S.K.: 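Here it is, the structure, as structure tokens.
Worth knowing before you read on, the calculation uses all heavy atoms, side chains too, and leaves out hydrogens, waters and symmetry mates. The structure presented is a predicted model; accordingly, all values stated were derived computationally and were not measured.
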2 protein chains.
Amino acid sequence: MTTLGFALLGLLAREPLSGYDLAQQLKKPVGFFWHARHSQIYPELALLEAEGLVTHRVIDQTDRPDKKLYEITGQGRQVVGDWVTSPLPVPAVRDELVLRAYCVWLADRGRARAMFEEQARIHADSLAHYEAIKAWFEAEHHEQIRDITSPHFAGYAAVMRGVGYEREYTEWCRWVVTMLAAE
Amino acid sequence: MTTLGFALLGLLAREPLSGYDLAQQLKKPVGFFWHARHSQIYPELALLEAEGLVTHRVIDQTDRPDKKLYEITGQGRQVVGDWVTSPLPVPAVRDELVLRAYCVWLADRGRARAMFEEQARIHADSLAHYEAIKAWFEAEHHEQIRDITSPHFAGYAAVMRGVGYEREYTEWCRWVVTMLAAE
DNA sequence: TCTCACATGTAACTAGTTACATGATTGC
DNA sequence: GCAATCATGTAACTAGTTACATGTGAGA
């Protein structure tokens, strides 16, 4: 089982979806912590089905192409649940912007400043986006986000991380900008 | 040019190193934002040399195996400097722990709590590590860390990100733990 | 007419990981 | 004798990206 497989099972545990739907979900912002293209999703769904973790049925549609609606099986639910608490290998962080910061002493000051300003903007926008989703969770699911057996709690937890991550990232970018702008 | 190539050039711009040294550097904590195994580094160095961005000379050693010491060329320096401010593609975040949080409603509560407690510990340790390096920079290079043309400024900037990242990560893990522990 | 959203797939390639392979010296 | 550090490489595999491929219906 690959991590993508678990990501798909995690989404299908909430509601039945087609491969196309899954690809949409694995775009921002739900998929800020994991994402994939349809070219990776379709073969992965076939593998999940071969292992009995999902099933599909074809939905005939007149106004648009037919689709395969995937549903998680009881076994699939079990497998995701077990995976969540299984030993986690040390996470591999790769961040090209931090790598660029590490090399910024070799770059043109003005251009570097402009780049970090733009990155600050991008992460501030992303932060605003997550904060809006957080506010929506608090307004629409204020009960469920405290219930750890609810998917809304889990979604809220992920969004909380998104907020914290982007807030910190934005602050760091701005700090770099002030350093590059000094004097 | 791959990102790894730029990472290697960024290290070689500071001092000449062997492939083995580079592999050591690309381990924690310098390499918290980028890392690679020696199996990827050796071929990449050969490519960099073929492009005229680095050169090497063999250092004969009696007490240990001979090594190839790589040095960055003027062209190499130019190439890294330009890359730093070149357009940055949207960063692809992949975080398995957040994905697991998104699926935590399907898991056993006690086991999930234990896992997030352990992750909180790991990130708190990592934070302490970065904070020590930050303090070392401030004590040993208090002048250079304000000079944006100094590699120490760039190193300090990267470490600042490490501190912020791990601080936020630790806080989030602890928040998840308190949620899982409630009642 | 053309583009966009819906819908599903395969093929070719790239980056990165794991495993294989070798060999010297130092310290337990 | 055995493990660890230093030192350099290759081979096989996996995950993920980009590009190729096809086709419908709605709306500008």
S.K.: Taking atom C1' of D:dG16 as reference, at what distance in whole Å does atom CZ of B:Arg94 sit?
M.R.: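 Between C1' of D:dG16 and CZ of B:Arg94: 6 Å.
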S.K.: Kindly say if A:Tyr42 contacts the phosphate of C:dG9, meaning a side-chain N or O under 4.0 Å from OP1 or OP2.
M.R.: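 So the side-chain polar atoms of A:Tyr42 never come under 4.0 Å of the phosphate oxygens OP1 or OP2 of C:dG9.
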S.K.: How close or far is atom P of C:dC6 from atom CD1 of A:Ile59, stated in whole angstroms?
M.R.: 17 Å
S.K.: With nearest nucleotide decided by heavy atoms, which residue, B:Ala92 or B:Lys67, maps closer to the 5′ end of DNA chain D?
M.R.: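 Nearer the 5' end of the strand: B:Lys67.
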S.K.: Before accepting this row, confirm whether a basic side-chain N of the pair A:Glu71/A:Arg57 lies closer than 4.0 Å to the acidic partner's carboxylate O.
M.R.: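 Counted as a salt bridge, because a side-chain N and a carboxylate O are separated by less than 4.0 Å.
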S.K.: Without decimals, in angstroms, what is the distance between A:Trp34 CH2 and D:dA15 P?
M.R.: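 Distance check: A:Trp34 CH2 to D:dA15 P gives 10 Å.
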S.K.: Please name all residues satisfying salt bridge (charged side-chain N to carboxylate O under 4.0 Å, His left out) with A:Glu140, sequence neighbours left out, ordered by chain then number.
M.R.: none
S.K.: Looking at A:Ser18, I'd like to know whether one of its side-chain N or O atoms comes within less than 4.0 Å of OP1 or OP2 on C:dT8.
M.R.: yes
S.K.: Toward the 5' end of DNA chain D, which comes first, A:His35 or B:Gln40, by nearest nucleotide?
M.R.: B:Gln40
S.K.: In whole Å, what is the span from the CG atom of B:Leu26 to the P atom of D:dA7?
M.R.: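 Result: 16 Å.
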S.K.: Between D:dT14 atom P and A:Met1 atom CE, what is the distance in whole Å?
M.R.: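 So the two atoms are 15 Å apart, to the nearest Å.
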S.K.: So does B:Glu117 pair up with B:Arg121, basic N to acidic O under 4.0 Å?
M.R.: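 Looking at B:Arg121 together with B:Glu117, the answer is no, because their closest N to O distance does not fall below 4.0 Å.
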S.K.: In plain terms, say whether B:Arg167 and B:Glu171 are close enough for a salt bridge, that is, a side-chain N and a carboxylate O under 4.0 Å apart.
M.R.: no
S.K.: Can you figure out which of D:dG25, C:dT8, D:dA7 approaches the side chain of A:His38 most closely?
M.R.: C:dT8
S.K.: Could you give the CD1-to-P distance, from B:Ile41 to C:dA15, as a whole number of Å?
M.R.: 15 Å
S.K.: Examine the base of C:dT14 for any acceptor or donor lying under 3.5 Å from a partner atom in the side chain of B:Thr2, and report the outcome as yes or no.
M.R.: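 Counting by modelled atom types and ignoring angles, no donor-acceptor contact under 3.5 Å is found here.
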S.K.: Would you say a side-chain N or O of B:Gln61 is under 4.0 Å from OP1 or OP2 of D:dA7?
M.R.: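 It does, given that an N or O in the side chain of B:Gln61 lies less than 4.0 Å from OP1 or OP2 of D:dA7.
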S.K.: Taking the side chain of B:Tyr20 as heavy atoms from C-beta outward, which of D:dT10, C:dG9, D:dT8 is closest to it?
M.R.: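 For B:Tyr20, the side-chain atoms sit closest to D:dT8.
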S.K.: Give the rounded distance in Å between these two atoms: CD of A:Glu44 and C1' of D:dT17.
M.R.: 15 Å
S.K.: Ignoring hydrogens and geometry beyond distance, is the side chain of B:Ser39 in donor-acceptor contact with the base of C:dT18 at under 3.5 Å?
M.R.: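 Flag set: donor-acceptor pair detected.
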S.K.: Which of these nucleotides, C:dA15, D:dC6, D:dA19, is closest to any side-chain atom of B:Gln24?
M.R.: D:dC6
S.K.: A:Arg37 near the nucleic acid: base, sugar-phosphate alone, or nothing, with a heavy-atom cut-off under 4.0 Å?
M.R.: base
S.K.: Are A:Glu96 and A:Arg100 ion-paired here, with the side-chain N under 4.0 Å from a carboxylate O?
M.R.: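 Counted as a salt bridge, because a side-chain N and a carboxylate O are separated by less than 4.0 Å.
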S.K.: When the distance from CZ of A:Arg57 to P of C:dT8 is rounded to whole Å, what number comes out?
M.R.: 13 Å
